[in-house]
Structure formats: C-alpha cells, structure tokens
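Notes follow once the structure below has been shown.
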Amino acid sequence: MIHDFKNIEPKWQKAWEDAHLFEASDADGRPKFYGLVEFPYPSGHGMHVGHIKAYSGLEVVSRKRRMQGYNVLFPIGFDAFGLPTENSAIKFGVHPRQLTDENIKKFTGQLKRVGFSFDWSRVIDTTDESYYRWTQWIFLKMFEKGLAFRDKTLVNYCPKCRVVLSNEDSQGGKCDLCGSEVVQKSKDVWYLRITEYADKLLEGLDSVDYLPMIRQQQENWIGRSTGAFIDFPLRGISETLRVYTTRCDTLFGVTFMVMAPEHPLLDRYADRISNMKDVLAYREQCAKKTEFERTQLVKDKTGIRISGLTAVHPFTGKDIPIFISDYVMMGYGTGAIMAVPAHDSRDYAFAKEFGAEIIPVIEGGDISKEAYSGDGKMIHSEFLNGITDKKTAIARMLEELQKKGIGEAAVQYKMKDWAFNRQRYWGEPIPIVHCPNCGMVGVPYEELPLRLPPTDRFEPGEGGESPLAKMESFVNCVCPKCGGQAKRETDTMPQWAGSSWYYLRYIDPRNDECIADPEKLKYWLPVDWYNGGMEHVTRHMIYSRFWHRFLYDLGVVPTKEPYAKRTAQGLVLGANGVKMSKSLGNVVDPNDVVDSYGADVLRTYVLFMGDYEQAAPWSDSSVKGCKRFIERFAALTDMIGPEDGDLTGLLHRTIKKVSDDIENMKFNTAIAAMMAFLNEVYAKGSIDRESLMVLTRLLSPFAPHITEEVWHTLGGSGFCSTAPWPVYDESKAKVRTVEIAVQICGKLRGRVTIGADDGEEEAMVAVMADEGLRAALEGKQILKKIYVPGRLMNLVVR
RNA sequence: GCACCUGUGGCGGAACUGGCAGACGCACUAGAUUUAGGAUCUAGCGGGAAACCGUGCAGGUUCAAAUCCUGUCAGGUGCACCA
C-alpha cells in the first residue's frame with residue numbers, strides 16, 4: 001500500500017535532480033529531440049494553471065521521447081524584460097532587476113513543484129547581460145546589413161505608456177499593454193526591415209509543419225498581393241500619378257481617382273490646387289481621427305475633390321477627377337488608387353456619396369444596387385472586350401501597359417517594417433552611438449554587452465523620451481570611429497527582441513564567444529516541435545522566423561527555419577467559462593492544486609479536461625476524477641495476481657492508443673484509455689506484475705511521481721522516467737470475438753456476437769440464429785447485404 | 001465586411017476512412033459501509049409509458065450521416081477601407 005502521497009513528489013523530484021536525469025547531452029549517438037515551449041514572462045502574480053497546461057503537452061511528449069531512447073532537449077527560461085515589471089518598479093520604488101529576480105524565483109518554485117522534466121541546467125533569462133549581449137550583437141549585425149535603420153515617420157504612440165508601438169502591438173487602435181487609444185505621432189523611429197524578408201517568410205512556410213490555422217494567420221499577416229502599378233498622366237503636368245491595383249483588368253471602368261490625404265503630390269502642386277485650404281483642413285481632420293474611428297466608420301465615406309488637378313485615362317484620353325479620402329491609406333501601395341465603382345464596394349460607396357459615374361466593364365450583377373466583384377464577360381473595354389476569364393484579362397492588360405510603358409506587374413505586402421525602439425528603461429539598450437561627424441556608429445562588438453546603467457528613476461520623460469536620456473554619464477561617450485564627443489542612443493528594444501532567438505541560446509547557454517557553438521547548433525536545430533499560444537502566432541512567430549532567417553543568411557545558423565513543427569494549446573478558462581484574470585477573481589494557482597491534490601493530479605487534469613487545442617473551463621469537482629484515477633492506480637500494487645492473459649489484448653490496445661494519442665496531442669483520450677483499462681482491472685480484481693509495469697510506464701509521462709513510486713515498489717530497475725516505452729504487439733492486441741450491429745433497412749434491430757475474423761457467411765448464420773432477428777426477417781426477401789467486418793451487417797429487405 | 005474554427009446529455013468532452021451516437025470523467029439517483037459528515041465500494045444515469053425520437057436549424061446524397069454536399073442561424077478567433 002502506498003501512503004504519504006505528499007512526500008512522494010518532492011522525494012522523486014530530488015532523486016531526478018541528483019541523477020541529472022533530464023539534462024540533455026550535446027554529443028550523443030541517440031537521435032535528438034528538441035521540444036520547445038514558450039518561455040514565460042515572470043510577472044509578479046506568479047503562474048496560473050494555464051501555464052501548466054501550456055507546458056504539459058510537450059512535457060508528456062518529451063518524457064515519452066526519453067523513454068523511446070531519444071536525447072531530449074526540453075528547456076525553460078524567462079522572458080523578463082518588459083513594461084509590467086518596470087511599471088511595478090515605478091509604483092513600488094524597487095529596481096526592476098530585483099523584481100525580476102524575485103519573480104523568476106517564484107516561477108521556478110511553481111514549475112519545480114509540478115515536476116516538469118525541464119533541463120534546469122540551461123535556464124536563460126533575457127535580462128541577464130550575458131544573454132542580452134547577444135541580442136545586441138544580432139541588432140548590430142542587422143544595422144551593418146542595413147536592416148536596422150532610423151526614420152522619421154508617423155508612429156503608433158501610446159500616451160499612457162508613453163511608448164511607441166509596432167503595428168503588431170497596436171492592433172485595433174488599442175495599446176497592447178494598457179488598452180488605451182493609440183495616437184499617431186511623428187517621431188524618430190528605429191525600424192527593422194522585415195519587409196525585405198516577406199517573401200522568404202512566406203516561402204519558408206512550405207517547408208514546415210504548422211497547424212493549418214497558424215500557417216494561414218501568418219500568410220494573412222504577411223498579406224502578399226499581386227497586382228500592377230499604373231501611371232496616370234496628369235493634365236498639364238509632366239509628373240504622373242502612380243496607383244497600385246489588383247484589378248488592372250477593370251481599367252476601363254475607372255471614373256475617378258482617390259489619393260490618401262497625406263499624399264506628397266498634393267504639397268508639390270499646392271499652388272495649382274485652388275482649394276488647397278480645404279485639403280489641408282481635411283488632412284488635419286483625418287489626423288485627429290484615431291485608427292479606431294477610421295476603421296469603424298467604414299461605410300461613411302468622406303473626402304473632397306481636388307480642383308486644379310486632373311488625371312487622364314491612359315487609353316481613352318478622358319479626363320478623370322481626383323479626390324482625397326481617408327479610405328485610401330498612405331502606408332499601403334502607392335497611397336493612391338484608381339477607383340472602379342462598378343466593381344469595388346468601397347469605390348461604389350464613395351461614388352454614390354459624391355455622385356461619380358459608374359461604368360460596368362464586367363457583365364453580371366446589378367450595379368444599380370451594389371458593386372459586382374464576380375466574374376463575367378468584359379464589356380466597354382476595347383481590346384479586352386469578350387474575354388470571360390479574369391486571369392486572361394489581367395495578363396492581356398499587363399501586356400498592353402508594358403507596351404505603352406505606363407505600368408508593370410507589382411507585388412505588395414500588408415506587413416510593415418517593424419518599429420523597434422521603446423522609450424523605456426527595462427529593455428536591451430540599442431547599441432548605437434550618434435556622432436556629429438560620423439553619424440550613427442555601432443558600438444564595437446567587443447564592448448558588448450552595453451549595460452543598462454544603474455538608476456532609481458525609471459519614469460519616461462514627459463515628452464516621451466527614454467529614462468536613459470536623463471543620465472548624462474550614459475548618454476555622453478566618445479565615438480568609436482573618430483574618438484570625438486558623441487551621444488548614445490537612449491532608446492531600448494521591445495520585449496519581442498529577446499524572445500526572437502532564445503531557442504538558439506538554450507543550445508549553448510553559457511557560451512561567451514558566440515551565440516552558440518556552430519557544431520551544437522548543427523546538432524540540435526531545428527526545434528522539432530514548438531508549442532505555444534495562438535496569441536503569439538503573428539508576432540513572436542513572425543519576428544523570430546525573421547531573425548532566424550537573417551542569421552541563416554549570415555551563416556550563423558544552419559537551417560532556414562527555426563521550428564519544424566508548431567502547435568497551439570487552448571486556454572484554460574475560469575470556472576465561469578471566461579478567460580482567467582486577476583480582476584475577475586477566477587484565477588487558479590497551481591500551488592493550491594498541488595497542495596490539495598498533488599502535482600500528478602494537476603498534470604493529469606489539465607490534459608484530461610478537454611481537447612488540448614480547445615479552450616476549456618476549469619472545474620474544481622472534475623479534478624477529483626483525476627485524483628481518484630491516480631489513487632486507484634496506486635492501489636494496484638495491492639492487487640497483484642497471476643498472469644493469465646485476460647488483460648493482454650486490452651493492454652496492447654491501450655499501448656497503441658496512448659502512444660498514438662500522445663503524438664496527436666489527444667491527451668484527453670489517452671488518459672481516458674488508461675482509465676478504461678483500470679476499470680477493467682478492477683472488474684477483474686487483479687493484475688499481473690508485468691502488465692502493471694507496462695501500465696506504469698504508459699502513465700509515467702502524465703503522472704511521473706506516483707509511477708516512479710509504483711515502479712520502485714514493483715522492483716523495476718532504474719527510474720521509470722527513463723525505462724523503455726512499452727512496445728505495441730499487434731498479434732497480442734487482437735480481440736477474439738466482436739459484437740456487431742445488425743440493421744434492417746438501416747435501422748438497428750439487434751446485435752450478434754461473432755468471431756473476430758468471421759466473414760459475411762458466418763455473420764449471416766449468427767443473424768439467423770438470433771430469435772428476434774429471425775422473426776423480424778420472417779417472410780421478407782433480402783435484397784442486399786452490406787457487411788462491414790467487425791462493425792455491422794445491414795440487410796435491405798422487402 | 002473577409003478568412004478560419006466550433007455547435008453532440010445537467011456539465012467537460014468521445015466517436016477510425018460515412019458503419020451500434022454519448023467512450024472517459026464530473027454532477028446526480030439508489031444501495032452498502034460509516035456514530036455523523038466526508039471518503040470508499042456496487043448499480044443506474046440522453047428524451048419517451050411505449051412505438052419511437054434524438055449531434056444548432058432546413059434540405060440533399062447514401063443501404064447507412066455527428067461525419068459528405070447546399071443553404072441558414074449562433075458563438076469564438078484572426079485580419080480589417082490592403083485597392
């Protein structure tokens with residue numbers, strides 16, 4: 001009898017640690033497996049059970065891999081730079097370094113209590129100078145290659161956080177950190193030229209195994225579209241107006257042009273524009289609108305007509321009026337469009353508002369009601385008339401545009417360059433020096449890390465400048481190039497920086513010569529399986545794939561892609577079915593669950609509660625089901641009986657089910673299969689030692705402590721955690737008899753038991769031997785017999 | 001608006017390639033045990049007296065549909081005036 005569940009868990013955790021059981025080896029004859037989970041941000045609140053679910057998936061896979069004889073790297077670390085820590089630092093007057101250390105300690109304690117098989121010898125912390133040294137190194141390489149650059153532009157700015165945000169961080173016009181409205185502000189900004197990698201990031205998706213949903217979100221984010229640039233002549237001006245369109249085939253349907261309010265052409269010809277005053281007023285009005293307003297008021301089109309500027313249709317020579325409107329964005333395409341109201345709903349709405357002409361060029365639809373975007377025969381389009389296929393029409397038009405030298409095929413992306421600087425203290429300092437003579441100069445590599453200077457003033461300045469800007473001793477420096485007086489860049493990097501390459505550092509975490517030893521990188525890359533949350537699929541995943549591909553082009557890493565496979569777990573919701581949050585008071589602390597039920601129960605429950613990839617609400621009472629399961633399992637040591645083969649078939653089917661389900665992340669059904677096996681053992685009243693040792697190993701990845709104890713009790717050699725994974729034997733898994741369903745005309749009419757290998761004839765004999773079924777068939781003519789072996793017999797009768 | 005995902009008992013969820021809907025667990029009911037509560041064990045547990053009816057709804061294909069097709073409704077996620 002196993003007592004004392006409370007002490008079993010720490011006991012085995014210590015034994016594993018003393019044996020260095022889960023430490024990966026860097027040179028090894030075994031096949032390698034690199035499993036990666038998203039490292040946590042160590043907030044002051046500690047972990048909640050959602051973290052536990054997020055890590056438990058690959059924890060089970062990693063433990064199974066070890067038992068299957070793999071050399072497993074399953075690391076953990078902390079993504080510790082970032083605003084929440086800095087904000088608490090300001091609030092409580094404590095240095096973020098101290099808070100970070102405390103939080104990491106708390107998280108580590110929670111993780112260790114759950115018994116995760118992380119390789120604790122490789123823990124990393126992105127705020128450690130031996131780590132961020134290399135984050136800065138990568139930035140300098142990008143700077144050297146022209147991929148990190150500075151530009152003065154309109155940026156997303158959060159007035160509350162006093163910080164510049166990337167497009168990714170300000171989706172929906174809301175600050176990702178505090179939720180307040182983001183405003184547009186002109187600022188000097190560091191950018192990373194991620195757009196240069198757009199095609200590579202897109203192509204790379206073909207070589208990896210991501211969940212389809214994840215792949216699609218990445219594709220949407222990159223947003224590649226193919227179309228054409230077309231240059232429209234302007235009446236009386238030699239300059240042309242360039243537009244981007246994906247539907248150059250509708251060129252003959254153009255009845256007006258629309259430019260973004262900020263379009264520079266307007267300023268260049270301000271003296272020709274008689275209503276320039278109105279233009280400027282409209283522009284100002286648009287700038288005041290938040291992103292939110294611009295996107296919410298989709299249907300109400302506003303704008304004004306430009307008097308004094310007129311475009312000319314390149315084929316018909318007709319005059320085309322030009323408007324400005326904020327439904328055209330300066331940041332996409334050329335900032336100007338050719339409007340084809342007959343076939344574009346936005347242009348249609350605008351035309352209705354402003355009384356512009358609507359000329360259909362594709363047959364079909366009813367343009368008196370709405371724009372028609374379907375296919376059809378081309379009309380009113382000179383050389384395109386009669387073409388019914390969109391592709392052909394586009395190709396034909398492109399050919400004509402090229403011949404006349406007024407247009408060309410073009411590709412555009414929704415993805416924008418990555419705004420990379422933040423005006424904050426708790427981030428990696430950007431290692432750049434501004435020299436009056438030499439311009440921007442990178443800090444020499446041998447001077448890295450460029451350390452965060454000590455201070456107790458972390459607040460950003462009123463004008464949104466970095467706290468570092470106030471620190472004379474940090475700011476003033478000599479130019480590494482000319483030796484003259486110079487000033488340091490005072491902005492820091494965004495939180496996404498450190499997490500963009502952390503999986504590389506786990507491979508060689510203490511190296512101070514380079515990011516990681518090239519031989520080790522070659523051995524461990526790519527990450528075989530990466531699991532994390534859906535919320536990181538478009539930002540973190542895109543950023544880190546970009547950095548990885550850059551490092552590949554640099555020759556630092558040996559693979560084009562960092563992650564061979566990516567999956568995502570569903571959220572753990574609160575008991576009330578909504579997202580867990582402090583403010584709603586529905587957060588479950590894993591420590592509380594471990595206190596009352598133990599780590600094995602917690603681990604089993606987070607995987608049993610539902611489909612791993614789906615969100616599921618926490619249920620205190622359901623946890624008890626897993627508690628009973630674990631206790632009933634432990635009690636099997638008192639039920640050892642003779643080997644009689646009764647359990648063999650089911651045992652082998654369970655081996656197969658559990659093995660396959662783990663690979664497919666169907667942990668809930670894997671556990672259900674073991675519960676079913678356990679029920680069978682209880683019904684029988686005993687289990688033989690060998691079978692119990694098999695079940696113990698199957699359960700080990702889920703409930704490693706109690707299985708270790710049972711293994712030990714049964715006299716198993718070594719640790720159960722590294723014992724060989726049970727092998728499925730098909731010949732032993734066979735069932736002897738099966739019960740098949742008997743249908744008459746598709747309706748279930750009875751069941752008969754036949755031999756597992758019996759064919760249709762034997763099945764038919766069994767059907768006729770059944771009294772009820774024979775009666776039902778009395779006097780009927782059997783027209784058709786459908787026999788599905790092992791499943792059913794369907795008789796169609798008259 | 002567009003794209004994707006999800007709709008199955010009181011609840012979380014199972015169901016291979018179209019082949020016995022409701023595995024496994026929770027809750028619940030009855031019984032046993034217990035001074036009591038709790039815990040544990042045994043049995044039952046979609047609806048209906050039954051014929052039958054049941055996988056959001058309405059059609060369709062098929063010997064057979066939770067599963068495939070068409071339409072529709074609801075919830076979720078992502079993107080969003082992207083030309």
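Labels below follow one simple rule: chain letters A, B, ... track the order of the sequence lines, proteins then strands, and each chain is numbered from 1.
Ring geometry, A/Phe229 versus A/Tyr244: the interplanar angle exceeds 60°, so the pair is classed perpendicular (tilted spans 30 to 60°). The aromatic rings of A/Phe667 and A/Phe702 lie perpendicular to each other, with more than 60° between the two planes, well past the 30° mark. Using cut-offs of 30° and 60° for the angle between ring planes, the A/Phe350 and A/Tyr327 rings count as tilted.
Ranking B/C63, B/A27, B/C52 by closeness to the A/Arg749 side chain, first place goes to B/C52. For A/Lys624, the side-chain atoms get nearest to B/A27 when compared with the rest of B/A27, B/C20, B/G78. When each of B/G25, B/A3, B/A83 is scored by its nearest atom to the side-chain atoms of A/Gln216, the top-ranked nucleotide is B/A3. Out of B/A14, B/C20, B/C52, the shortest distance to the side chain of A/Thr669 is found at B/A14. Side-chain proximity of A/Leu792 to B/C81, B/A27, B/C20: nearest is B/C20. Ranking B/G12, B/A14, B/C26 by closeness to the A/Ser621 side chain, first place goes to B/C26. Among B/C20, B/A27, B/C63, the nucleotide with an atom closest to any side-chain atom of A/Asn794 is B/C63. When each of B/A14, B/C41, B/C20 is scored by its nearest atom to the side-chain atoms of A/Asp611, the top-ranked nucleotide is B/A14. For A/Arg791, taking side-chain heavy atoms from C-beta onward, the closest of the listed nucleotides B/A64, B/C20, B/G25 is B/C20. The A/Pro617 side chain lies nearest to B/G12 when the options are B/G12, B/G78, B/A83.
B/G71: Watson-Crick or G-U partner is B/C57, with both key distances under 3.5 Å. Using Watson-Crick or G-U wobble geometry with both donor-acceptor distances under 3.5 Å, B/C16 finds no partner in any strand shown. The partner of B/G78 is B/C2, by the rule that a Watson-Crick or G-U pair needs both atom distances under 3.5 Å. Under the Watson-Crick or G-U wobble criterion, with both distances below 3.5 Å, B/A32 is paired with B/U40. Under the Watson-Crick and G-U wobble criteria, each requiring two contacts below 3.5 Å, nucleotide B/A50 is left unpaired.
To the nearest angstrom, P of B/U77 lies 18 Å from CG of A/Leu211. Straight-line distance from the CD atom of A/Gln217 to the P atom of B/C4: 12 Å, rounded to whole Å. Residue A/Lys301 contributes atom NZ, which lies 11 Å from atom C1' of B/G1 at whole-angstrom precision. Rounded to whole Å, atom C1' of B/A80 lies 10 Å from atom CG of A/Asn220. If you measure from atom CD of A/Glu613 to atom P of B/C5, you get 13 Å, rounded to the nearest angstrom. Distance NZ (A/Lys579) to C1' (B/U77): 11 Å, rounded to an integer number of Å. Atom CZ in A/Arg215 sits about 18 Å away from atom P in B/A3, given to the nearest Å. Following rounding to the nearest Å, A/Glu535 (CD) and B/C4 (P) show an atom-to-atom distance of 22 Å.
A syn base is found at B/G9: its glycosidic angle is within 90° of 0.
B/G13 and B/A21 have their P atoms separated by 23 Å, with the value rounded to a whole Å. B/G18 and B/A66 have their C1' atoms separated by 11 Å, given to the nearest Å. Comparing B/A43 with B/A14, their C1' atoms sit 23 Å apart, to the nearest whole Å. Rounded to whole Å, the C1' atom of B/U70 lies 43 Å from the corresponding atom of B/G44. With P as the reference atom, B/C68 and B/C5 are 11 Å apart, rounded to whole Å. Rounded to the nearest Å, the gap between the C1' atom of B/A74 and that of B/G56 is 7 Å. Between the C1' atoms of B/U77 and B/A30, the separation comes to 45 Å (whole Å). Rounded to whole Å, the P atom of B/A50 lies 23 Å from the corresponding atom of B/C57.
Nearest-nucleotide positions on RNA chain B for A/Gln614 and A/Ala683 put A/Gln614 closer to the 5' end. Both A/Tyr413 and A/Leu748 sit near RNA chain B, but only A/Leu748 has its closest nucleotide nearer the 5' end.
Nucleic acid contact for A/Gln743: base, since at least one base atom lies under 4.0 Å from a heavy atom of the residue. Within 4.0 Å (heavy atoms only), A/Ala615 reaches sugar-phosphate atoms of the nucleic acid but no base atom. A/Asn679 comes within 4.0 angstrom of sugar-phosphate atoms only, judged by non-hydrogen atoms across all strands, and of no base. When heavy atoms are screened at a 4.0 angstrom cut-off, A/Arg632 is found touching the sugar-phosphate backbone but no base atom.
Look at A/Ser345 and you won't find any side-chain N or O under 4.0 angstrom from OP1 or OP2 of B/C81. An OP1 or OP2 oxygen of B/C24 is reached within less than 4.0 angstrom by no side-chain nitrogen or oxygen of A/Asn668. Side-chain N/O atoms of A/Lys747 include one lying less than 4.0 angstrom from OP1 or OP2 on B/C53. Within the 4.0 Å cut-off from OP1 or OP2 of B/C26, at least one side-chain nitrogen or oxygen of A/Arg628 is found. Between A/Tyr327 and the phosphate of B/A83, there is no side-chain N or O to OP1/OP2 separation shorter than 4.0 Å.
Here A/Arg215 pairs with A/Glu219 in a salt bridge; the nearest charged N to carboxylate O distance falls below 4.0 Å. A/Arg751 and A/Asp770 are not joined by a salt bridge, as no carboxylate oxygen comes within less than 4.0 angstrom of a charged side-chain nitrogen. Salt bridge annotation for A/Glu38-A/Arg566: present, with a cationic side-chain nitrogen under 4.0 angstrom from a carboxylate oxygen.
In this structure, a donor-acceptor pair under 3.5 Å is present between the side chains of A/Tyr332 and A/Ser225.
No cation-pi contact links A/Lys666 to A/Tyr612, judged by a cut-off of 6.0 Å to the six-membered ring centre and 45° from its axis. Taking the ring centre of A/Phe354 as origin, the terminal cationic atom of A/Arg305 falls outside the region bounded by 6.0 Å and 45° from the ring axis.
Taking 3.5 Å as the limit, the base of B/C63 and the side chain of A/Lys785 contain no donor-acceptor pair of atoms between them.
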